[in-house]
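All of these numbers come straight from a predicted model, not from anything done at the bench. Chain letters run A, B, ... following the sequence lines, proteins first, then strands; residues in each count from 1.
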There are 2 protein chains.
Amino acid sequence: MNDRHLYSDTITQADIFSGLEEGELSHIFARGYKNAYPPGTILFHEGDPAATCYLVLTGRLKLTKLHEEGKEFLVRYVPPGQVAAAIALFAGKNYPVTAQVIDRAEIIGWDRNTMMNLLLSHPQLTVNMMRVVIERLEELQRRHLELHAERAEQRIARALLRIMNQSGRKTEEGILIDFRLSRQDLANYTGTTLYTVSRTLSSWEKQGWIASGRERIVVIDPHALMLFAERD
Amino acid sequence: MNDRHLYSDTITQADIFSGLEEGELSHIFARGYKNAYPPGTILFHEGDPAATCYLVLTGRLKLTKLHEEGKEFLVRYVPPGQVAAAIALFAGKNYPVTAQVIDRAEIIGWDRNTMMNLLLSHPQLTVNMMRVVIERLEELQRRHLELHAERAEQRIARALLRIMNQSGRKTEEGILIDFRLSRQDLANYTGTTLYTVSRTLSSWEKQGWIASGRERIVVIDPHALMLFAERD
DNA sequence: TCTCTTATTTGCGCGAGCGCAAAGACAACC
DNA sequence: GGTTGTCTTTGCGCTCGCGCAAATAAGAGA
């Protein structure tokens, strides 16, 4: 892979590769397959045998988990520099979630055997992977606690702030969420409903805290949202 | 440590030690400190600097996480053969949960440096640790999905079945949950309230599915509970 | 055995937020 | 530029399950 310099920023920032040498990085990247995917592509389905793990270079993935009767839980968004399905390789069986491309995305994939060999020959990579998994576990614990201790509107506020921090882009209007994010998505992420999210966002828009359109949200006053999320 | 044979069953079953040689095991155990704790002991508090990780030999731990205003989330019970706070060592900062002894417990502890060295010298141990963390992550994802897609009574049914599978003991009456488990504990585990749990258990008792007393539950008809949890 | 503490039950009322339904807005695609 | 499909808004009613309060039960300890 000779165009590594093209996305070297992404790689440098990727927590999974922190502390690795130049030489190790190029070796690791040479073992993977790079591809571009249009929006809507399903990279893998929940339940499929886990064969490959992925690093997002550009674009974004949405990871979801299905429940009976069509209810869907939005596990998380995967921004550039983060890996998806690293876990599945270890667990060794099936993908526990479905991964869908939401912006046109460039992605590198490594199949299981390749990644296992890389992990064996680069111990630092294993440690990084462990740390990443643990961070996910802790975030999920926080979200679980919120879901059980806070009201719907507070959870929506926290979700919006979290997504904003991860994927916000400053504009003259405020901080724009940088990808298509529907009311339904937010509901699936927070454990509420489309209706509750819509009502809540409308009320915040009246307060002047946010501005929103179809699948598009701009946070104007993050501080007000933070106070709202924290207040009793 | 010369009394390893005393709890060799527990060790053999401990998924964290699967695939390790006799010699490796005794080396690992020789590096740890064994202790016994009375019920109620707090092994560590959420927020304390993470210094030690633990393996439960006998007895049981309860891991909880606090939210503002005293609300408490019961993360999980740690039965014999499982480790607690292995994660905290990697994350490297503070314990994310509080660990309380609920039955008189024998526990081995390893401090961070010791465990880190053991991980470096026993690669299989690292792989096992990774698998354990991933299993936790997946279980938490399942519970999160339940919390957001199912009603309170279904979640209580699933929780009871899960705890029964992990800590049930056959008696002539039915399958007894083998430790003090209060209505409040179940509420904290399922994201409901003391009152809802009490009403639900009462109704199941009338149906003859369970028998219960103060901090004590016997599952008489697991199949009925399973059908109840699965039904729409 | 009596007392004290803590867990549990149950009646009652209420409110958050779900979810249907129908209308309105927006984007995309011929 | 009209048409179509999808996303969003909002009114309305209703249900689940929360949470107070007060009584009861079950252990723990003296």
Side-chain angles (χ1 to χ4, degrees), chain A residues 38-40 62 67 69-72 74 100 102-104 146-157 159-160 177 179-207 210-218 228 231-232, chain B residues 38-40 62 67 69-72 74 100 102-104 146-157 159-160 177 179-207 210-218 228 231-232:
Chain A
K62 181 166 88 169
H67 192 262
E69 314 114 48
K71 287 219 180 190
E72 171 175 310
L74 205 167
Q100 185 174 27
I102 55 171
D103 289 331
R104 179 182 170 72
E146 287 171 14
L147 183 50
H148 137 166
E150 292 177 354
R151 2 219 88 195
E153 296 194 337
Q154 287 179 298
R155 302 201 306 269
I156 297 169
L160 202 50
I177 306 288
F179 59 93
R180 296 167 103 69
L181 177 70
S182 71
R183 308 293 188 261
Q184 183 69 63
D185 288 331
L186 261 179
N188 292 341
Y189 187 77
T190 54
T192 62
T193 62
L194 165 59
Y195 310 107
T196 300
V197 172
S198 175
R199 279 185 260 265
T200 303
L201 293 191
S202 292
S203 113
W204 292 347
E205 193 147 14
K206 284 197 189 78
Q207 311 251 354
I210 65 166
S212 78
R214 186 195 176 95
E215 293 181 312
R216 183 181 156 283
I217 299 176
V218 181
F228 182 88
R231 76 122 199 245
D232 200 23
Chain B
K62 181 166 88 169
H67 193 263
E69 312 115 50
K71 288 219 178 188
E72 168 174 313
L74 206 168
Q100 184 174 27
I102 55 170
D103 288 331
R104 178 183 170 72
E146 287 170 15
L147 184 50
H148 138 164
E150 293 177 354
R151 0 221 87 192
E153 295 193 340
Q154 286 179 299
R155 302 201 306 270
I156 296 169
L160 202 50
I177 306 290
F179 59 93
R180 295 168 103 68
L181 177 70
S182 71
R183 309 290 187 263
Q184 182 68 62
D185 288 331
L186 262 180
N188 292 341
Y189 188 78
T190 54
T192 61
T193 62
L194 166 60
Y195 311 108
T196 301
V197 171
S198 175
R199 279 184 260 266
T200 304
L201 294 190
S202 292
S203 114
W204 292 346
E205 192 147 15
K206 284 199 188 75
Q207 310 252 353
I210 66 166
S212 77
R214 184 194 177 95
E215 293 181 311
R216 183 180 155 282
I217 300 176
V218 181
F228 181 89
R231 77 126 199 245
D232 199 23

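Atom CG of L147(B) is separated from atom C1' of dC18(C) by 16 Å (rounded to the nearest Å). For Y195(A) and dC18(C), the OH to C1' distance is 9 Å, given to the nearest whole Å. The NE2-P distance, from H148(B) to dG17(C), rounds to 15 Å in whole Å. Straight-line distance from the CD1 atom of I156(B) to the C1' atom of dG17(D): 10 Å, rounded to whole Å. Rounded to whole Å, the distance from CD on E153(B) to P on dC16(D) is 9 Å. Regarding E205(B), its CD atom lies at a distance of 7 Å from the P atom of dT9(C), rounded to whole Å. For the pair E215(B) CD and dT9(C) C1', the interatomic distance rounds to 15 Å; values are reported in whole Å.
Listed by residue number, there are no residues of residues 184-194 of chain A with a heavy-atom contact under 4.0 Å to DNA chain D.
Scanning atom types as modelled, one donor and one acceptor separated by under 3.5 angstrom connect the side chain of R214(A) and the base of dT6(D). Residue-to-nucleotide contacts include a donor-acceptor pair under 3.5 Å from the side chain of R199(B) to the base of dG19(D).
For the pair S198(A) and dT9(D), the criterion of a side-chain N or O lying under 4.0 Å from OP1 or OP2 is met. For R183(B) and dT8(C), the shortest distance from a side-chain N or O to OP1 or OP2 is below 4.0 Å.
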Dot-bracket line, read 5' to 3' along DNA chain C, where crossing pairs take [ ] and | marks a partner on another strand, Watson-Crick or G-U under 3.5 Å: ||||||||||||||||||||||||||||||

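Remark: of the listed residues L181(B), L74(B), T192(B), I177(B), L181(B) is the sole one forming a side chain to side chain contact (heavy atoms under 4.5 Å, CB included) with L186(B).
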Side chain to side chain contact (heavy atoms under 4.5 Å, CB included) between L147(B) and H148(A), worked out: CA-CA 8 Å; L147(B) 184 50; H148(A) 137 166; 4.0 Å; yes

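Along DNA chain C, the nucleotide nearest to S202(B) and the one nearest to R151(A) differ in position, and the one closer to the 5' end is contacted by S202(B). Each of A152(A) and S182(B) lies near DNA chain C, and the nucleotide nearest S182(B) is the one positioned closer to the 5' end. In this structure, R216(B) and E150(B) both approach DNA chain D, and ranking their closest nucleotides by distance from the 5' end singles out E150(B).
Taken from OH in Y195(A) to OG1 in T200(A), the straight-line distance is 14.5 Å, to the nearest 0.5 Å.
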